[in-house]
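Below: one structure, written as structure tokens.
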Amino acid sequence: MLADWQITERITQGDLDISPFDPERVQPASVDLLLDQYVRTLAGPKRAEIDVADVQPRHTTLGQIGEDGWLLEPGDFLLACTVERVTLPPDLAARVEGKSSLGRLGLTVHVTAGFIDPGFTGQITLEIANLSGKPLRLRKLMPIAQLCLIPMSAAPSRPYGSAGNHYQGQYGPTESRYQMR
């Protein structure tokens, strides 16, 4: 995993891009990422079935975090994204992880998709869930996650995006494209 000075050095050299970049958000082995203003919630009634073998486009509804924030009720789930657009070079993979202070309140930022492939470019979609028994209020531009950068032992023969991957270049909270596999 890259150390703080290595992260800053790679960004300064220009082969790693995190935009916008604030050196104050660099931690000992990660970079704090901020919550963007747009969210997606599952469309339709809470008990409506989603057949994972036939996920339909527009199975989510786009919303926006207002000045008063977004109240995430216990058990609720939404998709959000980071303010930052990340471009990884072919020799770096990454993990997006929650912030421990938020995890201690019952907030998760990824359900299963914490891994980011080398060569990825775009905003990072977060899978946010409230596991606590109390409503949690999210605020736009709050530090929501941390990005850890992992050097590859070798560059892959097919970096992300070279084979028409589903989420390359994503902008905003991007709903599942499982049906495209």
Side-chain angles (χ1 to χ4, degrees), residues 7-8 11 16-27 30-46 48 50 55-88 94-117 119-149 160-161 165-178 180:
I7 295 168
T8 303
I11 289 171
L16 166 64
D17 186 34
I18 301 173
S19 298
F21 176 68
D22 180 353
E24 295 294 316
R25 292 200 315 266
V26 177
Q27 301 300 320
S30 66
V31 178
D32 283 347
L33 303 174
L34 306 179
L35 181 62
D36 195 33
Q37 63 183 327
Y38 297 106
V39 298
R40 287 191 167 279
T41 56
L42 294 174
K46 273 196 174 197
I50 297 174
V55 176
Q56 297 297 310
R58 294 178 296 288
H59 62 276
T60 63
T61 302
L62 186 63
Q64 189 170 2
I65 299 173
E67 292 305 314
D68 293 335
W70 185 279
L71 192 63
L72 191 64
E73 296 289 344
D76 277 358
F77 171 83
L78 58 80
L79 298 174
C81 66
T82 62
V83 167
E84 296 81 7
R85 182 178 175 88
V86 174
T87 299
L88 297 179
R95 295 240 357 126
V96 65
E97 298 291 347
K99 300 210 35 82
S100 62
S101 296
L102 295 174
R104 293 167 199 225
L105 297 173
L107 186 73
T108 65
V109 298
H110 75 79
V111 177
T112 63
F115 182 76
I116 304 165
D117 285 292
F120 171 83
T121 189
Q123 286 178 294
I124 297 170
T125 295
L126 304 170
E127 305 147 337
I128 298 177
N130 179 355
L131 303 179
S132 79
K134 298 182 182 274
L136 297 172
R137 189 168 299 277
L138 305 178
R139 306 278 180 177
K140 61 184 171 186
L141 303 179
M142 68 183 274
I144 189 77
Q146 51 192 339
L147 185 71
C148 306
L149 298 147
Y160 197 81
N165 305 91
H166 303 320
Y167 303 106
Q168 184 71 316
Q170 69 187 9
Y171 178 78
T174 304
E175 61 187 5
S176 174
R177 294 176 179 160
Y178 188 74
M180 297 173 69

Given Val31, which of Thr8, Ile18, Asp22, Leu16 fulfils the side-chain contact (heavy atoms from CB on, under 4.5 Å) condition?
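Single side-chain contact (heavy atoms from CB on, under 4.5 Å) partner of Val31 among Thr8, Ile18, Asp22, Leu16: Ile18.
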
What's the spacing between [X] [atom1] and [Y] [atom2] if we round to 0.5 Å?
X      : Y      : atom1 : atom2 : value
Gln37  : Leu141 : CD    : CG    : 8.0 Å
Thr125 : Tyr38  : OG1   : OH    : 14.5 Å
Phe21  : Ile11  : CZ    : CD1   : 4.0 Å

Minimum heavy-atom distance between [X] and [Y], given as atom pair plus value:
X      : Y     : result
Asp32  : Gln27 : OD2-NE2, 3.2 Å
Gln64  : Val39 : N-CG2, 4.4 Å
Pro20  : Val83 : CD-CG1, 4.0 Å
Arg40  : Thr60 : NH1-OG1, 3.0 Å
Cys148 : Ser30 : SG-CB, 4.0 Å

One thing to verify: whether Asp36 and Lys140 come together as a salt bridge, which I'm taking to mean a side-chain N less than 4.0 angstrom from a carboxylate O.
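Result for this pair is no, no salt bridge flagged.
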
Carefully, step by step, assess Leu102 and Ile144 under the rule side-chain contact (heavy atoms from CB on, under 4.5 Å).
CA-CA 8 Å; Leu102 295 174; Ile144 189 77; 4.1 Å; yes

What do the steps show when you test Leu107 against Leu138 for side-chain contact (heavy atoms from CB on, under 4.5 Å), and what is the final call?
CA-CA 10 Å; Leu107 186 73; Leu138 305 178; 3.8 Å; yes

How about [X] and [Y]: do any of their side-chain heavy atoms sit closer than 4.5 Å?
X      : Y      : value
Thr121 : Val86  : no
Thr108 : Leu131 : yes
Leu72  : Leu78  : yes
Thr87  : Phe120 : no
Leu105 : Ser101 : no
Arg139 : Leu35  : no
Phe77  : Glu127 : yes
Pro135 : Leu71  : yes

Counting N and O atoms only, with roles assigned by atom type, does the side chain of Arg137 sit under 3.5 Å from a partner on the main chain of Asp68, one being a donor and the other an acceptor?
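Side chain of Arg137 to backbone of Asp68: a pair is present.
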
When you measure from the side chain of Gln123 to the backbone of Glu84, do you find a donor-acceptor pair of N or O atoms at a distance under 3.5 Å?
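Here the side-chain-to-backbone pair does not exist.
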
Do we see a donor-acceptor contact under 3.5 Å between the side chains of Asn130 and Glu73?
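Their side chains do not contain a donor-acceptor pair, so the 3.5 Å distance test is not met.
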
Go through Gln146 and Glu97 one step at a time and tell me if the side-chain hydrogen bond (donor to acceptor under 3.5 Å, both in side chains) criterion holds.
CA-CA 5 Å; Gln146 51 192 339; Glu97 298 291 347; over 6 Å; no

Go through it in stages, so that I can follow the logic: the residues are Leu79 and Leu126, the test is side-chain contact (heavy atoms from CB on, under 4.5 Å), and I'd like the CA-CA distance, side-chain angles, deciding distance and then a yes or no.
CA-CA 6 Å; Leu79 298 174; Leu126 304 170; over 6 Å; no

